[in-house]
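This report refers to the structure that appears directly beneath it.
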Amino acid sequence: RAKHDGRGELRFFDQSLDEAARRRRRIETDLRVAIRTGQFKLNFQPIVASDGEVIKGFEALLRWPHPDHGLIPPVEFIPIAEETGLITQIGEWVLHEACRVAAGWPEHVRVAVNVSPLQFRSPGFGSIVLQALAISGLAPNRLEIEITESVFLDGETGVLQILHMLRALGVRVALDDFGTGYSSLSYLRSFPFDKIKIDRSFITNIAHDASAAAIVKAIVDLATALHMETTAEGVENAGQHAELQAQGCSTLQGFLFSKPLDEMSTRKIIDTPRSARAA
Ligand code: C2E
Ligand code: MG
Ligand code: MG
Ligand code: MG
């Protein structure tokens, strides 16, 4: 509820809330159309070895080219898709599409797929993963599911069951945006993730800020001790790359190496010899 400060602020606040609400409803309606008419696309951002060259995999990133409003960023529509439950259907498409594309890559190249808490906890999730693997023919260990710790917010028990089910299938699991939540460490004790993705906010200042560097070092050492891989997110410059390499971070992702690419460009970047590839 908006507070009245006695100077007409209430009306102003109400109006902008109203506008925001209208925009949300509009996006919700348009999301339903987008699902029905197949407007979504996936981009794929390379995840490279610490040398910055060998491609270990790609992260699938959802794109919505809206017919009237142009590209709508995921940060804008994914929260609405989550609130309305539409994310479950959208996420099912993402899994199928990501597995289909990855099945065309060489066998050592993996695909990482972001899964929202609602989708992860939905009853059909396990069978949807199985179906996506079966239809695409992708080997389970080439699929990596990325979840954030927000998936645990409504309790751990059900989530751990799903994690162990994925593990039993041979699918990998990564903990995304590590360090941004409230109790990341406790989740590391609950489940042996295959990978920790260190949030971009820690990488940004790593080359200039001693405490940022110390935190990343601690995360890398912790992951190593727990036999988990690490990916640094949002690597944008050579200084960050050098620091992460020195710290033993196993894989890297960011604009320094490549922006997210469409399906065709992934084929090209995989096929281009490293020496001939511009960063
Ligand atoms: P995320 O999973 O942490 O994905 C990484 C985000 O960082 C992507 O933003 C990527 O484009 C961006 N990024 C990569 N390298 C750099 C860099 O060097 N600098 C900067 N500034 N940014 C970089 P994007 O594609 O806008 O996605 C944002 C978020 O939306 C993702 O964060 C993820 O949480 C969510 N998302 C994206 N696709 C999906 C999806 O298919 N399903 C679900 N549930 N969520 C998705
Ligand atoms: Mg991610
Ligand atoms: Mg992330
Ligand atoms: Mg992030």
Side-chain angles (χ1 to χ4, degrees), residues 31 34-35 39-48 52 57-65 70-102 110-122 125 128-129 132 143-151 172-181 184 193-207 219 229-241 244 249 251-263 265-266 279:
L31 274 174
I35 293 170
Q39 290 172 10
F40 296 108
K41 300 265 176 299
L42 285 186
N43 274 358
F44 300 89
Q45 187 177 33
I47 298 172
V48 298
F58 292 86
E59 178 176 7
L61 294 162
L62 189 56
R63 296 292 176 259
W64 181 19
L71 203 61
I72 302 186
V75 289
E76 187 159 357
F77 72 84
I78 284 176
I80 298 172
E82 276 174 25
E83 280 166 36
T84 52
L86 293 171
I87 193 68
T88 309
Q89 277 177 70
I90 298 172
E92 180 172 353
W93 176 83
V94 170
L95 265 168
H96 277 275
E97 178 69 358
C99 290
R100 178 190 70 75
V101 173
R110 296 196 166 106
V111 69
V113 176
N114 293 286
V115 174
S116 88
L118 196 77
Q119 184 191 2
F120 192 82
R121 303 178 75 116
S122 68
F125 181 64
I128 287 168
V129 170
L143 174 63
E144 187 167 83
I145 300 293
E146 292 192 5
I147 56 170
T148 61
E149 60 179 75
S150 60
V151 84
R172 290 164 52 95
V173 189
L175 192 54
D176 202 358
D177 300 345
F178 185 79
T180 55
S184 307
F193 292 93
D194 296 282
K195 176 192 272 190
I196 293 173
K197 298 193 77 173
I198 308 169
D199 193 68
R200 172 156 59 89
S201 56
F202 297 103
I203 309 304
T204 311
N205 293 321
I206 192 175
I219 297 175
E229 288 176 25
T230 44
T231 297
E233 302 190 285
V235 184
E236 294 183 349
N237 60 56
Q240 295 165 340
H241 180 191
L244 288 161
C249 189
T251 54
L252 311 168
Q253 180 179 359
F255 298 159
L256 177 65
F257 310 107
S258 171
K259 63 182 187 342
L261 307 166
D262 63 22
E263 178 182 356
S265 308
T266 65

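Counting starts at 1 for both ligands and their atoms, following the listed order. Computed from a prediction, not measured in an experiment: that's the story for all the values here.
- E149 contributes no side-chain N or O that, together with a main-chain N or O of F178, makes up a donor-acceptor pair within less than 3.5 Å.
- Using a 4.0 Å cutoff on heavy atoms, K259 does not count as a contact of ligand 1.
- Between atom 7 (O) of ligand 1 and the options R200, Q240, E97, the minimum heavy-atom separation is to R200.
- Here V113 has no heavy atoms under 4.0 Å from ligand 1, in either its backbone or its side chain.
- If you look at the Mg ion (ligand 2), the protein N, O or S atoms less than 2.8 Å from it are E59 OE2, N114 OD1, E146 OE1, D176 OD2.
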Could you give me the CA-CA distance, side-chain angles and deciding distance for I78 and N114, then say whether side chain to side chain contact (heavy atoms under 4.5 Å, CB included) is met? CA-CA 11 Å; I78 284 176; N114 293 286; over 6 Å; no

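- A donor-acceptor pair under 3.5 Å is absent between the side-chain atoms of D177 and the main chain of D199, judged by distance alone.
- Using a 4.0 Å heavy-atom cutoff, P73 is absent from the residues neighbouring ligand 1.
- Closest heavy-atom contact between P260 and R63: CG-NH2, 3.8 Å.
- Close contacts of ligand 1 with Q45, meaning ligand atoms under 4.0 Å from a residue heavy atom, involve 14 (C), 15 (N).
- The option from F255, F257, W93, F120 that lies nearest to atom 18 (O) of ligand 1, judged by heavy atoms, is F255.
- In this structure a side-chain-to-backbone donor-acceptor pair under 3.5 Å is present from Q240 to N237.
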May I have the step-by-step check of side chain to side chain contact (heavy atoms under 4.5 Å, CB included) for D262 and K41, ending in yes or no? CA-CA 8 Å; D262 63 22; K41 300 265 176 299; over 6 Å; no

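- Less than 4.0 angstrom separates some heavy atom of V94 from each of these atoms of ligand 1: 41 (O).
- For E83, the salt bridge (charged side-chain N to carboxylate O under 4.0 Å, His left out) test picks out R24, with sequence neighbours left out.
- Contacts between K197 and ligand 1 below 4.0 angstrom, taking non-hydrogen atoms only, are absent altogether.
- In terms of N/O distances under 3.5 Å, ligand 1 is not approached by L42.
- Contact annotation for S116 and ligand 1: heavy atoms of both the backbone and the side chain come within less than 4.0 Å of the ligand.
- Checking R63, E233, E236, E76 against atom 5 (C) of ligand 1, the nearest heavy atom belongs to E233.
- Between the side chain of Q119 and the main chain of V115, no donor-acceptor pair closer than 3.5 Å is present.
- Considering backbone and side-chain atoms together, L61 places no N or O closer than 3.5 Å to any N or O of ligand 1.
- Distances between N or O atoms of Q253 and those of ligand 1 include no value under 3.5 Å.
- Among all heavy-atom pairs drawn from R121 and V151, the shortest one is NH1-O, 2.8 Å.
- Under a 4.0 Å criterion applied to the non-hydrogen atoms of P260, ligand 1 contributes the atoms 11 (O).
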Where do K197 and E144 land on the salt bridge (Lys or Arg N to Asp or Glu O under 4.0 Å) test, with the steps shown first? CA-CA 12 Å; K197 298 193 77 173; E144 187 167 83; over 6 Å; no

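- Contact annotation for Q119 and ligand 1: no heavy atom of the residue comes within less than 4.0 Å of the ligand.
- Atoms CD1 and OG1, on I198 and T231 in that order, are 8.0 Å from each other to the nearest 0.5 Å.
- Considering backbone and side-chain N/O atoms, E82 never comes within less than 3.5 Å of an N/O atom of ligand 1.
- Residue N114 holds the heavy atom nearest to atom 33 (C) of ligand 1 of all those in N114, V115, V235.
- Between the side chain of E233 and the main chain of Q253, no donor-acceptor pair closer than 3.5 Å is present.
- At least one side-chain heavy atom of L62 sits less than 4.5 Å from a side-chain heavy atom of F77.
- At least one donor-acceptor pair closer than 3.5 Å links the side chain of T251 to the backbone N or O of T230.
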